Structure formats: C-alpha cells, structure tokens
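Contents: one structure, followed by commentary.
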Amino acid sequence: MRTHEMRLAGRTVTGHVVETQEDLPAFADWAGRHTEFGYDTETTSLEVYKPGFRVRAAQFSAGDQTWFLPVERHPRFAWYTTTTLRHAKQLYIHNAAFDLQVADRHLGVPLAELFPKTIDTGIISRLVDSRARKEGGPGHKLEELTEVFIDPVAAKQIKGSVGQQCKELGLKKADYFEQVSLDDEIFQMYALMDPVLAWVLAKTLLPKVPDSARHLIGYEHEIARICSDISKQGFLLDQPYTNELATRLRQEETWWQMEIEREVEKLGFIDVDEFNPNSTDNVFEALVYMGHLEFKQTPTGKPQVDDDLLEHLAEGGMYFARCIKEMRKAGKWAGTWPESFLANADEHGRCHANINTLQARTGRMSITGIPAQTLPSGDWIVRRCFLADEGHVMASIDYAAQELRMAAVLSGDERMYRAFELGEDLHQITADAAGVTRKIGKMANFLVCYGGGWKALVEQAKIPEAMARKTIAGFNKAYPGVSKLAKEMTATAGKQGYIETITGRRLYVDSARAYSAINYAIQSASRDVTARGLIKADRAGLTSFLRLPVHDEVVASLPKNQANDLAKEIGECLRTQIKGVDFVTEPEVAARSWGSLYGADH
DNA sequence: CAAGGTGGCGCC
DNA sequence: AAAGGGCGCCACCTTG
C-alpha cells in the first residue's frame with residue numbers, strides 16, 4: 001500500500017493506492033464503513049465500445065479519504081470495484097454517463113442499477129450555469145469547475161501535472177492514458193483527486209441550483225440514463241455500402257483534383273505542387289490572379305471564399321470554381337461521414353453515438369461520434385449507411401413545427417393558436433400579411449424565432465432590403481403576440497442577465513445579445529418537450545427500439561410486423577399538450593435503411 | 001509537434 | 001432601429 005498526501009482548499013486529502021491483493025482488506029474495511037462515495041474510472045480511451053478498450057483503474061472517495069484500485073491488474077480488483085458500486089447508496093460522479101456505461105459494459109453493473117443512486121456533477125453544474133468557458137460561463141470540465149468553485153491552485157496543478165508528464169514522456173494525451181504505468185506517482189495522484197473533486201463539487205453545486213430548476217435534477221438524470229441506454233444499443237452500420245460510398249466519394253475527390261491541376265497548369269500562375277485546393281488562402285490568391293477582386297469579409301476581416309461565391313463564379317462560366325467546390329464537397333463528405341462511421345463501428349458493426357444530453361447553453365442535446373444531427377437531409381446517400389436491426393425497419397417520429405408551436409405557447413399569440421387549431425398554414429399567413437411568397441414567409445417565421453431581423457432575411461432569401469423590411473413587418477402584423485414576447489424577453493434578459501424557461505431552467509444571456517432571449521426560451525423549452533417524450537417512451541418500455549434523438553425527432557428500429565403500431569405508440573408518448581397547444585407527432589415507417597426515410601431503396 | 005483558433009458547411 | 005439561435009467536424013493555420 002502506498003499513500004499520498006494532497007492539498008485541496010486548505011485541507012489535507014489522503015490517497016491510498018491499492019498495489020497488491022494484500023491491500024484489499026483495508027480497502028474493504030474502509031468501504032464497508034461508508035455508503036456515500038465519489039467515484040471515477042481511468043480507462044485506455046473515451047471510446048467505451050471500441051475493441052481494445054480497457055478499464056485501468058477505479059477510484060472511490062469519501063470526505064478526505066480516497067482510494068485507487070488497479071483494476072487492469074487482476075479480476076479481484078474489478079470485483080472489489082463492482083461490489084463497492086453495488087453496496088453504495090449514493091455516488092457522486094463527474095459526467096456519469098461515461099463512467100456508468102463503462103461500469104455497465106466492462107464491469108457488469110447495469111446502468112439501471114447505478115444511475116438512480118448517482119448525482120452527476122456535470123449535470124448539476126449545467127443546471128447552475130449552462131455556459132461553457134468560451135461563452136463566459138464557469139465551464140463544465142472538472143478542472144474548470146474546480147478552479148471556479150473549489151481551489152484555483154489545485155485546479156492548475158491537476159491540469160498541469162498531466163500536461164507536463166506528457167511532455168516529459170513525449171506522449172500525446174490520448175496515448176498517455178493508455179500507456180502510463182499504474183505505478184506512476186503523478187498519475188496516481190491525478191486519479192485519486194478526481195473522485196474527491198466530484199464529491200466536493202456535488203456538495204458545493206447542489207445548493208447553487210436555482211429553486212426554479214431543482215425539480216430538473218431527477219429528470220435530467222433519467223434522461224441521461226435513457227440516452228446512455230440508446231448509446232449502448234448502438235446503430236447498425238451497413239459496412240459494405242459504407243465502404244463503397246467512402247471509396248466513391250474519394251474517387252470523385254481525386255477526379256476533381258486532377259481537373260484542378262489541369263486548370264492550374266493551364267493558367268500557369270502558380271506551381272501545381274504548391275497549390276492546395278482545400279486552403280481558403282490559396283483559392284483566394286488564385287481567384288485574385290484570375291481577376292476576381294470582390295470578396296465579402298469573414299467576421300475576422302479576411303476575404304470570404306465560400307460555396308456561395310464559388311457557385312456564383314461557376315455559374316458565370318469559371319470552371320475552376322466549379323472544380324474547387326466539387327472537390328471540397330466530395331472530400332469533406334467522405335471524411336466526415338462514411339469514413340468516420342467505419343472507424344467508429346464496434347466488432348458487431350454497430351456505431352455508438354455519444355449523446356451529450358445537456359450540451360448546448362439552451363440545454364439542447366448534441367451527438368458526437370456519429371454526427372447524427374448534421375447528416376445531409378436533401379440527399380439520402382449518407383443516411384443509407386445505417387440500418388434497422390435484422391427483421392426490423394426504420395421509423396422516424398418527429399414533431400410538426402415544434403418550435404413554432406412553442407412560440408405560440410410562450411407568446412399566447414391568438415392568431416398562432418387559431419392557426420394551429422384549424423390546421424392553417426403558418427408560413428402562408430406570414431406571406432399573405434407581407435405580400436410575399438410562402439417560401440419567404442417561412443424564412444421570416446424561423447428568423448424571428450431565432451431573434452433575427454430584416455438584414456438576415458436579405459442575405460438568406462436574397463431579396464431587396466425593402467421587401468425584407470416589409471416581410472418582417474408582415475410577421476409582426478400577423479403575430480403581434482410573438483413580437484411582444486420578443487421585446488419582453490429581450491428586456492428581461494437585459495435587466496437581470498438571464499431568463500427562466502417554462503420548465504424552470506435558468507439561462508444566462510449575453511448583455512450584448514439580449515435579443516437572443518426569445519430563441520433561448522423557445523429552443524430550450526422545445527428540447528424539454530422532446531426530452532419529456534423520451535421519458536414517457538422509456539416508461540412504456542420502448543427505449544430498446546430507439547436509435548437516436550435528433551432535436552425534434554426520434555429515429556427508431558422497429559420489428560417489421562409491428563412497425564406501424566409501435567411507431568404510433570412512440571408518437572403518442574412523444575405527443576403532448578401545453579397550454580392548449582397540441583404538440584403533434586408524425587410517425588413515419590420506411591424500409592430497412594435510414595436512407596429509405598429520405599427516398600432510398602425504392 | 002500538439003493544441004487551439006478560424007473558416008466553411010452539414011443539420012434542427 | 002437593429003439584432004439569426006444552437007451544435008459537430010474537417011482542413012488549414014498559428015501559437016507556444
């Protein structure tokens with residue numbers, strides 16, 4: 001047994017490192033005397049479901065005592081870990097979805113057993129303040145929270161120690177956690193401190209959750225458990241198709257690249273070997289050389305070379321611009337989607353998305369691993385990569401105009417209420433009030449919910465200033481309640497620095513952008529509509545069918561012979577009424593692939 | 001050389 | 001009067 005003395009916020013913390021099996025009785029004795037623990041695991045990587053993933057160590061803390069178990073050394077260390085997890089009545093974990101999926105998959109303790117007795121300090125910190133560091137908030141990483149709420153010096157040391165060690169050992173951070181010796185003293189101290197921080201953070205942050213948001217604590221843990229179940233289940237990848245798609249896109253990229261080389265040589269303005277079509281700077285120089293001198297500016301003042309410009313030039317007959325655009329697209333698509341799916345698949349060909357249930361400052365979820373929220377929807381080739389399980393078909397259940405319905409709820413706008421009740425076309429109503437096309441009316445509807453003004457409409461719809469002003473005025477005339485709500489929320493945000501959503505969530509708003517308050521309120525409450533739906537679907541026993549939540553939609557894999565009934569059942573779970581507004585859902589069942597919901601497989 | 005910022009583009 | 005919200009990922013480029 002080795003011990004380390006560490007300092008945290010003026011107190012001494014004692015770390016105990018279990019080195020051999022002879023040390024286990026002392027651990028068991030200590031653990032048996034407690035029921036409440038901080039908990040953390042050290043693992044080879046963050047990819048829980050990838051072949052080769054291993055748990056390296058597990059750490060438990062209580063008060064100023066903390067213990068390190070070298071799980072990878074012998075199954076008995078893992079056994080003591082699982083026994084302690086089961087014996088615990090209360091666990092404090094930072095980003096519990098990770099550690100609990102690790103416990104489920106690699107230590108054999110189910111998510112359903114541990115989540116109900118866990119307080120996740122990641123969740124709590126987001127209920128206290130949802131802003132990341134770069135948004136002016138305290139952030140949500142362990143080091144960031146420690147710095148702000150516990151001990152800035154300790155936070156720096158913890159972050160610095162691993163960084164410095166990486167440098168000394170010549171390792172990247174990812175390699176460090178895989179390769180570092182469990183006997184390494186600095187690693188041990190780093191690992192020992194984490195569960196202590198989770199414990200202290202839980203005690204420090206829980207009282208800071210605003211009263212209005214306290215009821216969300218249990219709710220958010222339930223959502224985190226459901227989304228962990230969805231991640232664990234995984235989404236079946238059609239590997240042959242995905243391989244073929246990746247190859248095809250790379251071939252397209254190469255073909256366009258050769259066209260570009262020919263063009264560059266023909267023009268003779270620069271060495272072919274030095275021209276990189278993926279470099280915005282290079283393309284800018286080339287365009288200038290070719291006589292194009294008018295560029296919009298990026299937010300930092302650099303010349304903008306985007307798709308809009310390239311398309312404009314291509315339409316004007318510049319083949320070079322067409323080539324750049326097509327090459328960029330093929331390369332980006334190949335790397336972002338099919339290649340990353342293939343790299344992410346587990347040994348059974350399933351991709352496990354990482355669902356961050358409270359990622360955005362509005363509480364919206366984000367999905368990494370499979371960037372499922374950004375797959376092209378106008379073209380089915382990418383979604384075609386994913387399949388329903390054997391004997392299943394794909395279904396999607398989405399909310400009809402979820403955010404506009406929320407705008408109606410929050411504003412109480414009579415015209416909007418009536419439109420939803422009678423099934424009228426809200427976009428046409430705006431269009432009629434302004435004397436513009438439905439398409440522009442629709443853009444205006446969303447724009448106002450995003451806090452935008454007429455200038456943005458000029459850009460997006462490519463219409464003259466006067467028409468854009470007229471359209472926004474038309475919206476205000478059609479739905480005066482929404483206009484009023486936007487003004488009120490902006491004022492509230494400006495005055496108190498934050499708004500409160502109808503679900504009680506406190507959202508801080510930058511004073512320079514107080515106008516975004518209405519969007520925060522709509523987006524956040526809409527997220528909670530979907531999240532409440534997920535809980536209802538879970539309680540109805542439907543979680544194992546769910547593959548992904550995507551903002552206002554849920555994707556599901558359903559047994560073929562009951563697909564329609566199950567899709568309707570999920571739809572009923574998601575459907576809800578708020579202040580007389582019916583949040584209608586639209587179940588849709590297609591064939592085997594996700595792409596079949598977008599026109600593939602016909 | 002790794003980490004972080006920026007530009008660009010995919011979605012709701 | 002004017003104000004487009006929220007993300008993730010890739011490639012490039014700068015920084016330390």
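Note that the structure is a prediction, hence the values are computed from the model and not measured. Letters A, B, ... are given to chains in the order of the sequence lines, protein chains preceding strands, and every chain is numbered from 1.
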Sort me out a list of protein N/O and nucleotides 1-3 of chain B N/O pairs below 3.5 Å, or just none if empty.
none

Could you spell out the base pairing of DNA chain C in dot-bracket, with Watson-Crick or G-U pairs whose two distances are under 3.5 Å, [ ] crossing and | to another strand? ....||||||||||||

Working note: A:Tyr399 + A:Glu553, criterion side-chain hydrogen bond (donor to acceptor under 3.5 Å, both in side chains); need CA distance, chi angles, decisive distance, verdict. CA-CA 6 Å; A:Tyr399 289 91; A:Glu553 174 192 4; over 6 Å; no

Whether A:Trp454 contacts C:dA2 is assessed here as follows: a side-chain N or O lying under 4.0 Å from the phosphate OP1 or OP2. Is that the case? yes

A:Tyr450 meets the side-chain contact (heavy atoms from CB on, under 4.5 Å) criterion, sequence neighbours left out, with A:Glu403, A:Phe446, A:Asn519

Are the charged groups of A:Glu311 and A:Arg322 less than 4.0 angstrom apart, N to O? yes

Write out all pairs satisfying salt bridge (charged side-chain N to carboxylate O under 4.0 Å, His left out) with one or both partners inside residues 514-527 of chain A, taking only residues at least two apart or from two chains. A:Glu220-A:Arg527

Residues forming a salt bridge (Lys or Arg N to Asp or Glu O under 4.0 Å) with A:Glu252, sequence neighbours excluded: none

With sugar-phosphate meaning primed atoms plus P, OP1 and OP2, does A:Glu135 contact a base, only sugar-phosphate, or nothing at under 4.0 Å between heavy atoms? sugar-phosphate

If you look only at pairs with a residue in residues 511-525 of chain A, which of them pass as a salt bridge (charged side-chain N to carboxylate O under 4.0 Å, His left out), with sequence neighbours excluded? A:Asp510-A:Arg513

Could you check how far OH of A:Tyr450 sits from P of C:dC7, rounded to whole Å? 13 Å

Please give me the minimum heavy-atom distance between A:Ala372 and A:Val550, naming the atom from each residue. O-CG1, 4.3 Å

Mind listing the closest non-hydrogen atom pair of A:Ala419 and A:Ile429 along with its distance? CB-CD1, 3.7 Å

Going by ring-ring contact (aromatic ring centres under 6.0 Å, His included), name the pairs with one or both residues in residues 490-535 of chain A, residues two or more places apart or in two chains. A:Tyr498-A:Tyr508

Separation of C:dA2 atom C1' from A:Glu465 atom CD, nearest Å, is 12 Å

Under-4.0 Å side-chain N/O to phosphate OP1/OP2 contact, A:Tyr515 with C:dA1: no

Indicate, with a heavy-atom threshold strictly under 4.0 Å, whether A:Gln402 touches base, sugar-phosphate, or nothing. nothing

Over how many whole Å does the gap from A:Glu403 atom CD to C:dG6 atom C1' extend? 9 Å

Please classify the nucleic acid contact of A:Tyr520 as base, sugar-phosphate, or nothing, using heavy-atom distances under 4.0 Å. sugar-phosphate

Those residues at least two apart in sequence (or on a different chain) that pass salt bridge (Lys or Arg N to Asp or Glu O under 4.0 Å) with A:Asp346 are none

Here the salt bridge (charged side-chain N to carboxylate O under 4.0 Å, His left out) pairs for residues 457-466 of chain A, sequence neighbours left out, are A:Lys296-A:Glu459, A:Asp308-A:Lys462, A:Glu465-A:Arg469

Closest listed nucleotide, where the reference is the side chain of A:Ser516 and the choices are C:dG5, C:dC7, C:dA3: C:dG5

From CG of A:Asn356 across to P of C:dC7 the rounded distance in Å is 11 Å

So A:Lys455, base contact, sugar-phosphate only, or nothing? Heavy-atom distance under 4.0 Å. sugar-phosphate

Charged N-O contact under 4.0 Å between A:Asp413 and A:Lys484: no

Lys NZ or Arg CZ of A:Arg384 over A:Tyr241 ring: under 6.0 Å, within 45°: yes

Please list, chain by chain and in numerical order, all residues satisfying side-chain contact (heavy atoms from CB on, under 4.5 Å) with A:Arg532, sequence neighbours excluded. A:Tyr219, A:Thr576

Between the base of B:dC9 and the side chain of A:Arg328, is one N or O donor paired with an acceptor at under 3.5 angstrom? no

Between C:dG5, B:dC9, C:dC7, spot the one nearest the side chain of A:Asp306, thanks. B:dC9

Taking only N/O atoms, report every protein-nucleotides 9-11 of chain C pair under 3.5 Å with atom names and distance.
unit_1 : atom_1 : unit_2   : atom_2 : d
C:dC9  : OP1    : A:Gly369 : N      : 3.2

Is A:Arg250 paired with A:Glu253 through a side-chain N to carboxylate O contact shorter than 4.0 Å? yes

Do the charged groups of A:Arg133 and A:Glu147 touch, with an N to O distance under 4.0 Å? yes

For A:Glu459 and B:dG8, give me the distance from atom CD to atom C1', rounded to whole Å. 15 Å

How close or far is atom C1' of B:dC12 from atom CZ of A:Arg405, stated in whole angstroms? 16 Å

Which whole-number value in Å describes the distance from A:Met443 CE to C:dG5 P? 17 Å

When all nucleic acid strands are considered with a 4.0 Å heavy-atom cut-off, which category describes A:Val305: base, sugar-phosphate, or nothing? sugar-phosphate

Between A:Gln523 and B:dC12, is there a contact of a side-chain N or O with OP1 or OP2 at under 4.0 Å? no

Which nucleotide wins on minimum distance to the side chain of A:Arg383, given the candidates B:dC11, B:dG8, C:dA3? B:dC11

Would you classify A:Glu553 as touching base, sugar-phosphate or nothing, given that sugar-phosphate means primed atoms plus P, OP1 and OP2, and contacts are heavy atoms under 4.0 Å? nothing

To the nearest angstrom, how far is A:Asp510 atom CG from C:dG5 atom P? 10 Å

Is any side-chain N or O of A:Arg513 closer than 4.0 Å to OP1 or OP2 of C:dG5? yes

Among residues 468-497 of chain A, which ones have heavy-atom contacts with DNA chain C below 4.0 Å? A:Arg469

